[in-house]
Amino acid sequence: MAKNFVSREENYSQWYNDLVIKADLAEYSAVRGSMVIKPYGYAIWEMMQAALDKKFKETGHVNAYFPLFIPKSFFSKEAKHVEGFAKECAVVTHYRLKNDENGKGIVVDPDAKLEEELIVRPTSETIIWDTYRKWVQSWRDLPILINQWANVVRWEMRTRLFLRTAEFLWQEGHTAHATKQEAEVEAKKMLGVYTDFAKNFMAMPVIQGVKTENERFAGAIETYCIEALMQDGKALQAGTSHFLGQNFAKAFDVKFLSKENKLEYVWATSWGVSTRLMGALIMTHSDDSGLVLPPKLAPFQVVIIPIYRKEEERLAVIAKGNQIKEELEKLGIRVKHDDRDTQKPGYKFAEWEFKGVPLRIAIGPRDLKNNTVELARRDTLSKSFTPMDGLNDTVVNLLDEIQNNLYNKAIDFRSEHTTEVNNWQEFKEVLENKGGFILAHWDGSSETEDKIKEETKATIRSIPLDYDESEEGKCVYSGKPSKGRVVFAKAY
RNA sequence: CGGGGUAUGGCGCAGCCCGGCUAGCGCACCUGCUUUGGGAGCAGGGGGUCGCAGGUUCGAAUCCUGCUACCCCGACCA
């Protein structure tokens with residue numbers, strides 16, 4: 001399984017691709033740029049969904065579902081929005097097939113042309129705001145706090161498993177508010193939810209920030225984001241939350257009567273994270289032995305592997321394994337007891353290690369005699385014999401420790417790969433040789449940002465929310481005055 | 001859209017340059033015996049329209065023409 005597995009240093013992108021495929025997370029499908037998410041990969045996504053969904057509910061949101069297809073005309077109602085997405089839309093033009101008259105298979109029936117073409121949603125703002133118009137009349141109808149779990153399609157030129165596929169899964173929150181302030185609070189609140197999720201579930205540190213105009217969502221007034229740093233020194237946008245102002249309310253004529261009996265446009269937000277988080281998770285923790293999963297998101301937190309020779313040993317060891325499994329499950333721990341008789345222990349060790357199970361318990365005849373188990377940690381690849389007594393506590397504590405250790409390792413990596421840079425020469429050198437986040441002064445202009453991108457491929461990932469205006473300086477590129485440091489990096 | 005690569009049992013590949021007899025190897029699979037604390041060993045066995053369509057030839061996985069699909073690198077993007 002991990003045989004012939006290329007190391008990160010040898011070829012990082014091959015390491016990533018091989019990992020996704022060999023760890024059974026996903027595979028290429030028959031359709032270009034689309035992937036099959038396999039059960040093990042989907043199980044991780046379900047863990048993410050469950051945790052996020054709970055947080056959404058706790059913050060007052062409810063789930064709903066809006067259509068996959070969007071009338072083409074809806075798109076043109078918000079100018080910036082069309083412009084942003086037009087180049088990557090899949091379009092439905094017909095609704096019927098028929099047998100080819102020359103007997104060459106099946107063809108699109110030209111008589112079945114749609115009056116108005118339909119766009120396969122790349123995001124749902126338009127269809128949702130067209131709907132919200134009907135739902136909102138009074139301030140009493142607000143706020144609307146809705147999330148949907150859905151698939152979307154963006155016809156990307158170049159795709160990568162999980163990181164950028166033509167179709168992907170995500171959640172998109174769409175909220176409507178009576179006041180600007182309330183919408184702004186909402187956008188930031190959800191950014192906080194994402195940050196918290198990244199930290200406490202994914203064990204992934206992120207920088208909270210605001211996008212520059214260049215990187216802003218098409219149709220937003222302000223785009224907030226969380227940016228994470230991957231092990232190859234490139235940044236990954238892990239989640240976004242947009243303050244949409246009244247742009248969509250105006251485009252779709254969504255008005256309400258305020259308490260003062262004045263007709264006003266509704267204020268909006270939208271926010272989302274996608275299966276891209278799978279890529280982020282993989283590239284934050286995994287190593288040259290395969291996937292490494294944080295306990296909070298691992299489909300199996302513990303795998304039990306029995307070791308035996310004779311049938312009586314098998315029965316005894318498996319009975320013990322079942323007992324341990326049952327007790328751990330009572331504590332809410334997700335356990336896989338790999339009692340397959342068709343594979344040998346060594347094979348199972350390698351397989352589950354590659355699949356990133358945080359903790360492995362091996363039990364053999366010797367353990368039964370000594371009242372011990374062999375415990376192996378995935379994060380440190382260390383093994384130890386541990387007394388069977390108190391095993392439950394040991395496991396609970398270790399899972400906790402692994403979760404923390406992963407976060408700490410990730411944050412150490414990020415610290416080591418975050419560099420303050422004060423001149424252009426240094427900027428280029430650090431970007432070239434070290435990568436990572438670069439904190440540098442910027443004059444605030446799109447022109448400078450564009451030029452830096454042209455010359456180095458680095459972009460401004462965000463203006464950090466804790467932007468320090470006390471440290472004035474000079475733009476690293478133009479030398480013009482700057483109010484504070486922003487985050488540069490090459491990005492996925 | 002530009003550049004590169006690939007297409008041969010389920011998977012990974014060799015064979016192609018220089019055409020030839022039954023298309024081969026590893027893994028996986030099936031049967032049996034021995035094994036089992038880091039990817040088991042031996043023996044036997046099953047499985048392939050060589051991406052598609054033409055062409056050259058006595059004969060094509062191999063040469064020629066055209067097509068298609070996918071992957072990688074770039075431009076575009078979450």
Side-chain angles (χ1 to χ4, degrees), chain A residues 1-5 11-14 16-18 21-22 24 27-35 83-89 104 122-123 152-172 194 211 214-218 220 223 225-228 235-242 270-280 289-290 305-311 313-314 317 340-354 360-370 372-376 381 383 385 453-454 457 459 461 491-492:
Chain A
M1 166 151 290
K3 288 172 188 166
N4 306 321
F5 181 51
N11 187 337
Y12 190 85
S13 67
Q14 198 190 337
Y16 174 82
N17 284 332
D18 288 358
I21 287 165
K22 290 179 179 170
D24 240 3
E27 66 183 39
Y28 295 106
S29 75
V31 184
R32 186 203 71 94
S34 302
M35 64 176 178
E83 200 187 312
F85 286 104
K87 285 169 292 181
E88 51 191 33
C89 285
K104 300 255 176 184
T123 179
V152 286
V153 168
R154 295 181 189 176
W155 215 261
E156 299 289 350
M157 296 182 202
R158 211 181 134 209
T159 56
R160 292 197 69 185
L161 294 167
F162 287 118
L163 297 172
R164 176 167 294 108
T165 45
E167 178 188 1
F168 58 93
L169 306 182
W170 77 346
Q171 59 67 217
E172 44 181 328
Y194 292 152
K211 286 293 185 192
N214 285 8
E215 305 276 327
R216 197 177 290 155
F217 175 73
T223 290
C225 62
I226 52 172
E227 293 281 329
L236 184 83
Q237 178 175 300
T240 50
S241 181
H242 315 290
S270 68
W271 28 273
V273 295
S274 71
T275 37
R276 183 177 229 208
L277 287 180
M278 294 286 293
S289 304
I305 297 176
I307 296 158
Y308 49 83
R309 286 163 204 250
K310 297 169 243 160
E311 177 63 8
E313 287 176 345
R314 190 179 75 87
V317 157
R340 286 177 294 176
D341 196 27
T342 49
Q343 314 292 344
K344 295 189 28 171
Y347 180 92
K348 296 176 186 175
F349 289 177
E351 177 174 351
W352 292 113
E353 192 168 287
F354 198 85
R360 180 181 75 227
I361 298 176
I363 316 168
R366 268 192 319 227
D367 293 305
L368 292 185
K369 201 183 295 170
N370 302 336
T372 57
V373 296
E374 187 200 63
L375 267 183
L381 291 171
K383 292 191 288 197
F385 285 95
K453 186 177 178 183
E454 239 170 73
K457 293 196 180 132
T459 49
R461 299 323 302 153
Y492 273 99

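The figures that follow rest on heavy atoms only: side chains count, while hydrogens, waters and symmetry mates do not. Below, chains carry the letters A, B, ... as their sequence lines are ordered, and counting in each starts from 1.
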> Looking only at atom types and distance, does a side-chain atom of A:Thr223 sit under 3.5 Å from a main-chain N or O of A:Phe217, one as donor and one as acceptor?
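Checked: pair present.
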> Consider the side chain of A:Phe349, meaning its heavy atoms from C-beta on, and name the nucleotide among B:U36, B:C77, B:G38 that approaches it most closely.
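Out of B:U36, B:C77, B:G38, the nucleotide with an atom closest to A:Phe349's side chain is B:G38.
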> Hey, does A:Leu161 have a side-chain heavy atom less than 4.5 Å from the side chain of A:Tyr28?
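A:Tyr28 reaches A:Leu161 side chain to side chain.
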> B:G38 base to A:Glu353 side chain: any donor-acceptor pair below 3.5 Å?
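Donor-acceptor pair under 3.5 Å: yes.
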> Of the listed nucleotides (B:A75, B:G37, B:A78), which one gets closest to any side-chain atom of A:Phe168?
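Comparing B:A75, B:G37, B:A78 against the side chain of A:Phe168, the answer is B:A78.
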> In whole Å, I'd like the distance from the CD atom of A:Gln171 to the P atom of B:A78.
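Atom CD in A:Gln171 sits about 16 Å away from atom P in B:A78.
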> Say you pick atom P in B:A60 and the same atom in B:G55; how far apart are they, in whole Å?
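Here B:A60 and B:G55 have their P atoms 12 Å from each other.
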> Give the rounded distance in Å between these two atoms: NZ of A:Lys348 and C1' of B:G38.
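These atoms are roughly 13 Å apart.
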> Closest to the A:Lys87 side chain: B:C76, B:G38, B:A78?
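Selected nucleotide: B:C76.
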> Among the candidates B:U36, B:C77, B:G37, find the nucleotide nearest to the side-chain atoms of A:Pro365.
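Nearest to the side chain of A:Pro365 among the choices is B:G37.
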> Classify the side chain of A:Arg360 versus the base of B:G38 as yes if they form a donor-acceptor pair under 3.5 Å and no if they do not.
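Under the 3.5 Å cut-off, the side chain and the base do form a donor-acceptor pair.
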> Please state whether the phosphate of B:A75, meaning OP1 or OP2, lies under 4.0 angstrom from any side-chain nitrogen or oxygen of A:Lys457.
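So the side-chain polar atoms of A:Lys457 do come within 4.0 Å of the phosphate oxygens OP1 or OP2 of B:A75, strictly under.
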> Atom CZ of A:Phe162 to atom P of B:C77: distance rounded to whole Å?
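For the pair A:Phe162 CZ and B:C77 P, the rounded distance is 24 Å.
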> Does some side-chain heavy atom of A:Cys225 sit less than 4.5 Å from a side-chain heavy atom of A:Thr240?
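Of all side-chain heavy-atom pairs linking A:Cys225 with A:Thr240, at least one is under 4.5 Å.
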> So what's the dot-bracket for RNA chain B: Watson-Crick or G-U pairs under 3.5 Å, [ ] if a pair crosses, | if it pairs off-strand?
((((((((.[[[[.)....(...]]]].((((((.....)))))).....[[[[[..)....]]]]])))))))....
> Side chain of A:Ala350 only, please: which of B:U36, B:A78, B:G39 is the nearest?
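Within the option list, the nearest is B:G39.
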> B:A78 P sits how many Å from A:Glu88 CD, rounded?
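Taking CD of A:Glu88 and P of B:A78, I get 7 Å after rounding.
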> Taking only the side-chain heavy atoms of A:Glu374 (C-beta and beyond), determine which of B:G37, B:A78, B:U36 contains the nearest atom.
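Shortest atom-to-atom distance from the side chain points to B:G37.
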> Please check: side-chain N/O of A:Tyr16 versus main-chain N/O of A:Asn11, any donor-acceptor pairing under 3.5 Å?
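A pair under 3.5 Å: no.
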> On a whole-Å scale, what distance lies between the C1' atoms belonging to B:G24 and B:G48?
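That atom pair is separated by 11 Å.
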> State, yes or no, whether a side-chain contact exists between A:Val317 and A:Ile307 at a heavy-atom distance under 4.5 Å.
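With C-beta onward as the side chain, the pair stays apart.
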> Have a look at A:Gln343 and say if it touches a base, only the backbone sugar-phosphate, or nothing, with a 4.0 Å heavy-atom cut-off.
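Nothing, no nucleic acid heavy atom in range.
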> Among the nucleotides B:G38, B:C77, B:A75, which one has an atom lying closest to any side-chain atom of A:Met157?
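My answer, after comparing the listed nucleotides, is B:A75.
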> What distance, rounded to whole Å, do you find between the two P atoms, one in B:A61 and one in B:G54?
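My reading of the P atoms in B:A61 and B:G54 gives 15 Å.
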> Please list, for nucleotides 69-72 of chain B, all pairs of protein and nucleotide N/O atoms separated by less than 3.5 Å.
| residue | atom | partner | partner atom | Å |
| --- | --- | --- | --- | --- |
| B:C70 | OP1 | A:Arg32 | N | 2.8 |
| B:C71 | O3' | A:Tyr28 | OH | 3.4 |
| B:C72 | OP1 | A:Asn17 | ND2 | 3.4 |
| B:C72 | OP1 | A:Tyr28 | OH | 3.4 |

> Whole-Å distance between B:C76 P and A:Leu163 CG?
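So the CG-P distance, A:Leu163 to B:C76, works out to 18 Å.
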> What distance, rounded to whole Å, do you find between the two P atoms, one in B:G45 and one in B:G37?
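About 29 Å, rounded to a whole number of Å.
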> When the C1' atoms of B:U57 and B:G20 are compared, how many Å lie between them, rounded to an integer?
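B:G20 and B:U57 have their C1' atoms separated by 12 Å.
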> Describe the nucleic acid contact of A:Gln237 in one word from base, sugar-phosphate, nothing, applying a heavy-atom distance below 4.0 Å.
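Sugar-phosphate, backbone atoms only, no base.
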> Any donor-acceptor pair under 3.5 Å between the side chain of A:Lys383 and the base of B:G38?
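Such a pair is found, so the answer is yes.
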> What contact category does A:Phe85 fall into here, base, sugar-phosphate, or nothing, at under 4.0 angstrom with non-hydrogen atoms?
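Contact class for A:Phe85: none.
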> Suppose you measure atom C1' in B:C58 against the same atom in B:C21; what distance do you get, rounded to whole Å?
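Pairwise C1' distance, B:C58 against B:C21, rounds to 14 Å.
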> Just by modelled atom types, is the A:Val273 backbone N or O under 3.5 Å from a matching donor or acceptor in the A:Gln171 side chain?
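The answer is yes, because a donor-acceptor pair under 3.5 Å joins these two groups.
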> To the nearest Å, give me how far apart CZ (A:Phe385) and P (B:G38) are.
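Rounded to whole Å, this separation is 9 Å.
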> Between B:G9 and B:A23, how far apart are the two P atoms, rounded to whole Å?
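To the nearest whole Å, 15 Å.
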> So, using ring pair (Phe, Tyr, Trp, His ring centres under 6.0 Å) as the criterion, who are the partners of A:Phe168 when residues are at least two apart?
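Checked A:Phe168 against ring pair (Phe, Tyr, Trp, His ring centres under 6.0 Å); matches are A:Trp170.
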> Look only at the side chain of A:Arg340 and the backbone of A:Lys348, and say whether a donor-acceptor pair between them is shorter than 3.5 Å.
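No; judged by distance alone, with no hydrogens or angles, the pair does not exist.
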> Salt bridge or not between A:Glu313 and A:Arg366? Use side-chain N to carboxylate O under 4.0 Å.
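A salt bridge is absent here (no side-chain N lies under 4.0 Å from a carboxylate O).
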> Which whole-number value in Å describes the distance from A:Arg216 CZ to B:C77 C1'?
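Atom CZ in A:Arg216 sits about 17 Å away from atom C1' in B:C77.
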> On the ring face of A:Tyr492, is A:Arg164 found with NZ or CZ under 6.0 Å from the centre and within 45° of the axis?
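Not flagged: A:Arg164 not positioned over aromatic ring of A:Tyr492.
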> For atom P, what is the distance between B:G26 and B:G32, given to the nearest Å?
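Pairwise P distance, B:G26 against B:G32, rounds to 22 Å.
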> In terms of the nearest nucleotide of RNA chain B, which residue is placed more toward the 5' end: A:Thr240 or A:Ile307?
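On the 5' side of the pair lies A:Ile307.
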> Which part of the nucleic acid, if any, lies within reach of A:Arg314 when heavy atoms closer than 4.0 Å are counted: base, sugar-phosphate only, or nothing?
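Nothing: the residue A:Arg314, judged by heavy atoms under 4.0 Å, touches no strand.
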> For A:Lys344 and A:Phe217, take the nucleotide of RNA chain B holding the closest heavy atom to each; which residue's nucleotide lies nearer the 5' end?
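Of the two residues, A:Lys344 wins.
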> Give a yes or no on whether a salt bridge exists between A:Arg314 and A:Glu311, defined as a side-chain N under 4.0 angstrom from a carboxylate O.
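Here A:Arg314 pairs with A:Glu311 in a salt bridge, since their nearest N and O are under 4.0 Å apart.
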> What's the CZ-C1' distance between A:Phe5 and B:G12, to the nearest Å?
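From A:Phe5 CZ to B:G12 C1': 16 Å.
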> Keeping the roles fixed (side chain from A:Arg154, backbone from A:Ala166), state whether a donor-acceptor pair exists under 3.5 Å.
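Between the backbone of A:Ala166 and the side chain of A:Arg154 there is no qualifying donor-acceptor contact (under 3.5 Å).
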